[in-house]
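Here's the structure we're looking at; comments come further down.
Just so it is clear, the structure is predicted and the values come from calculations on it, not from any experiment. Labels below follow one simple rule: chain letters A, B, ... track the order of the sequence lines, proteins then strands, and each chain is numbered from 1.
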There are 2 protein chains.
Amino acid sequence: MEGYEKLEKARERIIETIAQNIHLYGLVPSAGRQYGMMFFQNEPLTLDDMTEKLGMSKTSMSTSVRALSDLKLVERAWKKGVRKDLYKVSDDWYQSFIDLFSIKWRRSVTLHLVAIKKSLAELEQLLADPTTSEELQEEVQIDIEKLKYIKNYYEWLERLVDVFEDQKIFDLVPIMNDSDNNLKD
Amino acid sequence: MEGYEKLEKARERIIETIAQNIHLYGLVPSAGRQYGMMFFQNEPLTLDDMTEKLGMSKTSMSTSVRALSDLKLVERAWKKGVRKDLYKVSDDWYQSFIDLFSIKWRRSVTLHLVAIKKSLAELEQLLADPTTSEELQEEVQIDIEKLKYIKNYYEWLERLVDVFEDQKIFDLVPIMNDSDNNLKD
DNA sequence: TAGTTTGTACAGTAAAAACTGTATAAAAAA
DNA sequence: TTTTTTATACAGTTTTTACTGTACAAACTA
């Protein structure tokens, strides 16, 4: 096998692994392939570059690069003289992981807490209502306990997201470079 | 509005929020609804119970309860005299979150590390090969640096999963119950 | 043993999501 | 200004995924 072929094969293996695991980011394999391809390019790419490299429509490239951008997996780049939009993969993967948390889980936590607080308030009121039968009161009381439990859980999750966001997680799980090796020069 | 109706509405809000966020677990809304419904039942349910409660086919209930079980969000239960399989939601949500990590991310990390090590070995070999042109050598060297970087990243992620799995995460982000409140009695 | 009951495999259908091509708006160049 | 370039909105198509009903195997009952 020829040298460039070997290089290409080594890259393809990584790209395909990314594609098959990107569902953890809520993205589909083709977006992962796009990300993986960009990872091995040493220059930012335009939508037309991606269309050519991946053999997919420009519309697809546009929508999936936006999905990747929303999760901060890729970012806009600039190069003088180039009018087209340019994109490159964010080179701090630790930060990308943290961003996933911030963006996806934070949002989920917030939605849950809003719902829980609202339902909890309604149930407390129902419990206090003198027209509520004793039988219903018991059921309501059980639900209130359940909601208090999951409220605590989501508050914990919120603090967990905080810990990622403010980088404290690196105190507990430090970054260790087995060689002095870093993409960011 | 009648009391039981109010209770039902308060529950529905929570169930629907779960359904809309369960994609973070890689599951579809209907599985989330199933989980949410089970959460408010104080007894384990059979597949037929679920069919009735959700108005969906037994086959669906079977496949989605299996998906929920695989992520350890629900578990088998037993009740004497009941021949049918019984399921209940796992009542430790903190553990469920940890299990998500263990199951989904651990697997992903492993797959990535296997691929990276393989590609890295191939590229090191290519670099050492005297028939490799200088131009190709340079490209290979760049890729090796990239792969070393992401190898470090996935090893970090692996340690992160460890920290969840062995509960050390609770040292950094402790569980705080604002009242002394716990589902597990 | 035969007769039920129960869970799931499988094939088919319905619904949803991914992807494409065209049309168009916004921005840049002339 | 008009012309050209670029990204994306949108409608239509293809592909994938979710869901259903039937059929059957395994487990239980009598």
Side-chain angles (χ1 to χ4, degrees), chain A residues 15-16 18-38 43-71 73-89 104, chain B residues 15-16 18-38 43-71 73-89 104:
Chain A
I15 292 171
E16 207 48 41
I18 292 171
Q20 297 309 317
N21 286 280
I22 201 83
H23 66 268
L24 291 170
Y25 283 73
L27 301 174
V28 293
S30 72
R33 221 163 277 119
Q34 187 175 13
Y35 178 85
M37 177 274 287
M38 289 171 79
E43 295 289 318
L45 300 183
T46 67
L47 293 178
D48 290 312
D49 293 336
M50 299 174 202
T51 293
E52 200 201 315
K53 293 257 181 205
L54 299 172
M56 289 178 72
S57 72
K58 196 175 179 181
T59 302
S60 276
M61 295 300 97
S62 174
T63 53
S64 49
V65 91
R66 182 202 287 268
L68 289 165
S69 300
D70 287 348
L71 290 178
L73 287 170
V74 311
E75 54 194 39
R76 296 284 298 268
W78 282 269
K79 217 164 79 178
K80 67 175 175 190
V82 179
R83 238 175 72 199
K84 301 180 183 183
D85 294 355
L86 287 166
Y87 300 92
K88 64 192 272 300
V89 320
K104 298 222 137 179
Chain B
I15 292 171
E16 205 49 39
I18 293 171
Q20 297 309 317
N21 286 280
I22 200 85
H23 66 268
L24 291 169
Y25 283 73
L27 301 174
V28 293
S30 71
R33 220 162 280 121
Q34 187 176 13
Y35 178 85
M37 177 275 286
M38 288 170 81
E43 295 288 319
L45 300 182
T46 67
L47 293 178
D48 290 312
D49 293 336
M50 299 174 203
T51 293
E52 200 201 316
K53 293 257 181 204
L54 299 172
M56 289 179 73
S57 72
K58 197 175 176 181
T59 303
S60 276
M61 295 302 95
S62 174
T63 55
S64 49
V65 92
R66 181 203 288 266
L68 289 164
S69 300
D70 286 348
L71 290 176
L73 287 170
V74 311
E75 54 194 39
R76 296 285 298 269
W78 282 269
K79 219 164 79 179
K80 68 175 175 190
V82 179
R83 236 177 73 201
K84 300 182 184 184
D85 294 354
L86 287 166
Y87 300 92
K88 64 190 273 298
V89 319
K104 298 220 138 182

Note: chain A reaches DNA chain D at heavy-atom distances under 4.0 Å over the stretch, first to last nt, 5' to 3', of D/dT5 to D/dC10
What donor-acceptor contacts under 3.5 angstrom involve side-chain atoms of residues 18-29 of chain B, with partners at least two apart or in another chain?
from    : atom 1 : to       : atom 2 : distance (Å)
B/Gln20 : NE2    : B/Glu16  : OE2    : 3.0
B/Asn21 : OD1    : A/Ser108 : OG     : 3.3
B/Asn21 : ND2    : B/Thr17  : O      : 2.7
B/His23 : ND1    : B/Gln20  : O      : 3.2

Heavy-atom closest pair, residues A/Leu73 and A/Tyr35: O-CE1, 3.3 Å
Give the residues of residues 56-70 of chain A touching DNA chain D, defined as any heavy atom closer than 4.0 Å, sorted by residue number. A/Lys58, A/Thr59, A/Ser62, A/Arg66
Considering only distance and modelled atom types, tabulate donor-acceptor pairs under 3.5 Å from the side chains of residues 53-60 of chain B, sequence neighbours left out.
from    : atom 1 : to      : atom 2 : distance (Å)
B/Ser57 : OG     : B/Ser60 : N      : 3.1
B/Ser57 : OG     : B/Ser60 : OG     : 3.4

Here the gap from A/Leu47 atom CG to A/Met61 atom CE, rounded to the nearest 0.5 Å, amounts to 8.5 Å
Terminal axis angle for the helix from C/dT1-D/dA30 to C/dA30-D/dT1, five pairs an end, nearest 10 degrees: 20°
Do A/Arg76 and A/Tyr87 come within less than 4.5 Å of each other through their side chains, counting heavy atoms only? yes
Whole-Å distance between C/dG7 C1' and B/Asp49 CG? 14 Å
Least distance between heavy atoms, A/Leu45 atom then A/Met50 atom: O-CE, 3.8 Å
Here the pair of heavy atoms bringing A/Lys88 nearest to A/Ala77 is CD-CB, 3.8 Å
Whole-Å distance between C/dA18 P and A/Gln34 CD? 13 Å
Exercise: do B/Asp49 and B/Thr46 side chains pair donor with acceptor under 3.5 Å: yes
Does a sphere of radius 6.0 Å around CD in B/Glu75 hold more than 12 heavy atoms from other residues, nucleotides or ligands, not counting ones at 6.0 Å or beyond? yes
Within residues 18-32 of chain B, the residues having a heavy atom closer than 4.0 Å to DNA chain C are none
Can you check the A/Lys84 NZ to C/dA28 C1' distance for me, whole Å? 14 Å
side-chain contact (heavy atoms from CB on, under 4.5 Å) evaluation trace for B/Gln34 with B/Val65: CA-CA 8 Å; B/Gln34 187 176 13; B/Val65 92; 4.0 Å; yes
